[in-house]
Amino acid sequence: MIGRYILQPEVMGVLASQEKGAGGEIQLTDAMSRMIGEQAFHGLTFAGTRYDCGDKAGFLHANLAMALEREDLADEVELFASNLLAARQLRSAA
């Protein structure tokens, strides 16, 4: 689930009495489903790039992308990455 939530405190009471769901775990989405009709829910569609920072490669992707957007880091990070890639290509060719 890539969504993020801002929840009203009442959801904690629902979670406290929630039966285990998928994977034998108490599921937030099940509790939210029980609250539909009792509370307003609002959504926002995000337009942009999402990085999975729970994944090692995604964490590195996010850090590189953010560093390349910064004026104070972009040139140094780009040079570093270029040198790493060049060295890797040389090792692969040997």
Side-chain angles (χ1 to χ4, degrees):
M1 170 57 84
I2 63 169
R4 297 293 176 256
Y5 305 102
I6 299 173
L7 301 167
Q8 297 297 325
E10 292 82 5
V11 76
M12 296 304 160
V14 175
L15 285 169
S17 64
Q18 185 73 27
E19 298 282 330
K20 292 182 181 179
E25 297 177 352
I26 295 173
Q27 299 292 320
L28 176 60
T29 50
D30 291 341
M32 291 169 65
S33 292
R34 286 179 48 194
M35 297 181 74
I36 291 175
E38 297 175 20
Q39 237 179 38
F41 285 84
H42 305 280
L44 172 74
T45 301
F46 169 75
T49 304
R50 182 188 74 82
Y51 299 97
D52 181 358
C53 291
D55 173 81
K56 291 174 188 172
F59 179 76
L60 291 171
H61 295 169
N63 279 276
L64 283 171
M66 295 298 105
L68 290 170
E69 288 185 16
R70 289 182 49 157
E71 287 183 30
D72 62 329
L73 295 174
D75 291 341
E76 186 176 342
V77 170
E78 186 174 354
L79 179 62
F80 175 72
S82 294
N83 288 340
L84 280 178
L85 291 170
R88 185 170 193 241
Q89 288 174 343
L90 284 174
R91 286 192 306 271
S92 295

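For the numbers below, each heavy atom of this structure counts, side chains included, while hydrogens, waters and symmetry mates do not.
Looking at every heavy atom in both residues, Arg34 comes nearest to Ser17 through NH2-OG, 3.5 Å. Closest approach of Val14 and Ala31 over heavy atoms only: CG1-CB, 3.6 Å. Closest approach of Tyr51 to Ala65, counting heavy atoms only: OH-CB, 3.0 Å. Contact between Ala67 and Val77 at its shortest, heavy atoms only, is CB-CG2, 3.8 Å.
Going from atom CG of Leu64 over to atom CZ of Phe80 covers 9.0 Å, rounded to the nearest 0.5 Å. Atom-to-atom distance recorded for Leu84:CG and Gln89:CD is 11.5 Å, nearest 0.5 angstrom. To the nearest 0.5 Å, atoms CG (Leu7) and CE (Met12) are separated by 6.5 Å. Here the CZ atom belonging to Arg70 is positioned 11.5 Å from the CG atom belonging to Leu68, to the nearest 0.5 angstrom. Atom-to-atom distance recorded for Ile6:CD1 and His42:NE2 is 11.0 Å, nearest 0.5 angstrom. Atom CD of Glu19 and atom CG of Asp30 lie 10.5 Å apart (nearest 0.5 Å).
When the side chains of ILVMFWY residues are joined at heavy-atom separations under 4.5 Å, either directly or via intervening members, Ile36 and Ile26 end up in a single hydrophobic cluster. When the side chains of ILVMFWY residues are joined at heavy-atom separations under 4.5 Å, either directly or via intervening members, Tyr5 and Leu15 end up in a single hydrophobic cluster.
Heavy atoms from other residues, nucleotides or ligands lying under 6.0 Å from CD of Glu10 number more than 12. Within 6.0 Å of atom CD in Glu76, 12 or fewer heavy atoms from other residues, nucleotides or ligands are found, so the atom counts as exposed in its surroundings. Dense packing is recorded around CZ of Phe41, with more than 12 heavy atoms of other residues, nucleotides or ligands lying under 6.0 Å away.
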Residues Met32, Met35; criterion side chain to side chain contact (heavy atoms under 4.5 Å, CB included); working and verdict: CA-CA 5 Å; Met32 291 169 65; Met35 297 181 74; 5.7 Å; no
